[in-house]
Number of protein chains: 2
Amino acid sequence: MIFTTKAEYGVRLMVELGRQAKPGGAATSLKAIAAAEALPLAYLERIVALLKKAGLVESTRGAHGGYRLSRTPAEITMDDVVLALEGTVAPMNCFVDDTDGSSRVLCSHESDSGHACATKLLWLRVQGGVMEKLAQTTLAELVEFSHREPAATASALKNEQEDLTHA
Amino acid sequence: MIFTTKAEYGVRLMVELGRQAKPGGAATSLKAIAAAEALPLAYLERIVALLKKAGLVESTRGAHGGYRLSRTPAEITMDDVVLALEGTVAPMNCFVDDTDGSSRVLCSHESDSGHACATKLLWLRVQGGVMEKLAQTTLAELVEFSHREPAATASALKNEQEDLTHA
DNA sequence: CGCCAATCCTACCAACGAGGTCGGAGATGA
DNA sequence: TCATCTCCGACCTCGTTGGTAGGATTGGCG
Ligand code: FES
Ligand code: FES
C-alpha cells in the first residue's frame, strides 16, 4: 500500500475545493465537503489542518467561514499535497526522513561486509518514479478529470495507460 | 511507506542468491544467507516460501540442501520479485487486488454523484510509474551494484538521480 | 448582546497488519 | 542414525492508522 487513506481523503478534499475555484471568493465549509464526498467530518478536520500548515489552503473562522485554496489549481502539484499529508514518500523505513525537504537516504546496511546495500538502488529508482509522477500531476487535472461523466472514465484511463506504456 | 521490510529482505535474499550465480550448481542454505545479511532466519524461511511459490527459486531439501535461482539474474526483473512478496503494488486499499496478475481497479467512489473518482487518475499514474521502474530493474543490476565498494555508492547514485531527472 | 455556525485543538481509543518466534514434521546425504 | 536443511502452521507483540469525543475559540447576524 503506497499511500494511506489519509492521502486519499486529502486529495479528494483538495479536488472539492478546487471545483469551486474562487480565487479569493467565498470559503467552503468542511461540512459541505464531508457531505459531498461522504467522508467523516471529524477526521477531515485533522487532515485539513495539515494542508493549512503546508500553506496549501487558507481558512476563515467563525460563521460562514471555511477553507479555500491559496493558489489556483493549476499551480498546485500533487507532490505538495501528498508530502504535506504523508510527511514523506519513503519506499522503506530504512530511508530515514529528515522532513526538511527530500528524505535523506540513511540505510542501515551500509558498508557492512564490504559491499554496498543492494536494495538502495531499487528503492531510489522507485521513489524517483513516484515523485516524478506526483510532480507531473496538477490539481487542475484532477478537477477536470473528475468533472467527466463516470462513463467516460474507462476510455480516459485507457489513454492514460497508453501514455504510460510508450513513455 | 511504499514497500514493507518483507520486500527488502526478499530482494536482499535474491541478491545473495544471485551473487553465487550457479545456474544449476550447488544450493545455498538459508542459514548462510541469514548470517551474511544479518537477517532473522525464521523470518527468511517464510519469505523464501513466497519466492518459491512464484517459481523464482528452486529448493533442495535435506542435508546440504538449500535454494538456488531458477533463472539467471539477468532474466529476473524486480516486478516479479516484489509482486511475489507483496502480492500486489496497490497505491490504495480501494484498489482491490485480484491477485491474478495486475490489480484490478475497483474504486468505491465510482459513479456516486455523477462525477468520476478524482483520485483514481493520480493513483493509476503513480502505480504505473512504480511498476515501470520495477520492470526496468533486473536482479543482475542489483548484484552488480552491490559488488561495488560502498565508497562508490555516492557517485553511482548520483548518476542514477541524474538519469531520473532528465528522463 | 446572544445565538449559531464554523474553525481549531488535544487527548483518547480500537482494529489491523507487519515483523518476528516457536515447535514440530518431512527429506536426505554422510 | 544423526546432523542438517527445507517446510508448515499457530502464535505473539508492537506501532500505526483510521476514527471519535469533547471542548475552546472566532465571528457573522438578527
Ligand atoms: S538498508 Fe534498506 S536501503 Fe539500505
Ligand atoms: S475510491 Fe480510491 S481511487 Fe476511487
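Letters A, B, ... mirror the listed sequences (proteins, then strands); counts begin at 1. Please read these numbers as outputs of a predicted model, since none were measured by experiment.
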Dump every N/O contact between nucleotides 13-15 of chain C and the protein below 3.5 Å, one line per pair.
none

Any chance you could list the contact pattern along nucleotides 18-30 of chain C? Use B for base contacts, S for sugar-phosphate-only contacts and - for none, protein heavy atoms under 4.0 Å, 5' to 3'.
-BBB----BBB-S
Enumerate donor-acceptor pairs with a distance under 3.5 Å from any side-chain N or O in residues 43-56 of chain B to protein atoms, sequence neighbours excluded.
from	atom 1	to	atom 2	distance (Å)
B:Lys52	NZ	B:Ser59	OG	3.0

A:Glu8 CD to D:dG19 P, in whole Å, measures 11 Å
Gap between atoms CG and C1', on A:Leu50 and C:dC9 respectively (whole Å)
13 Å
Mind checking side-chain hydrogen bond (donor to acceptor under 3.5 Å, both in side chains) for A:Thr5 and listing every partner two or more places apart, or none if nothing turns up?
none
Please list all pairs passing the ring pair (Phe, Tyr, Trp, His ring centres under 6.0 Å) test where one or both residues lie in residues 51-79 of chain A, with sequence neighbours left out.
none
side-chain hydrogen bond (donor to acceptor under 3.5 Å, both in side chains) with A:Thr60: which residues, sequence neighbours excluded?
A:Arg68
Using the side-chain hydrogen bond (donor to acceptor under 3.5 Å, both in side chains) criterion, which residues pair with A:Gln136? Sequence neighbours excluded.
none
Under 3.5 Å, which donor-acceptor pairs link side chains of residues 76-83 of chain A to any protein atom two or more places apart or in another chain?
from	atom 1	to	atom 2	distance (Å)
A:Thr77	OG1	A:Asp79	OD1	2.5
A:Thr77	OG1	A:Asp80	OD2	3.4

Just the rounded figure in Å: distance from C1' of D:dC8 to CG of B:Leu44.
16 Å
Using only side-chain N and O atoms of B:Lys52, determine if any of them is under 4.0 Å from OP1 or OP2 of D:dT6.
no
Rounded to whole angstroms, how far apart are CD1 on B:Ile47 and C1' on D:dC8?
16 Å
List for me each residue that meets side chain to side chain contact (heavy atoms under 4.5 Å, CB included) alongside A:Ala63, sequence neighbours excluded, and say none if there are none.
none
Separation of D:dC14 P from B:Met1 CE (nearest whole Å):
20 Å
Between the side chains of A:Arg12 and A:Glu8, is the shortest nitrogen-to-carboxylate-oxygen separation below 4.0 Å, so that they form an ion pair?
yes
Over all atoms of both residues, closest heavy-atom pair of B:Leu69 and B:Gly18
CD1-CA, 3.6 Å
Could you check how far CD of B:Glu58 sits from P of D:dT6, rounded to whole Å?
14 Å
Just how far, in rounded Å, is P of D:dG18 from CG of A:Leu39?
12 Å
Specify the separation, in whole Å, of atom CG of B:Leu30 and atom P of D:dC8.
13 Å
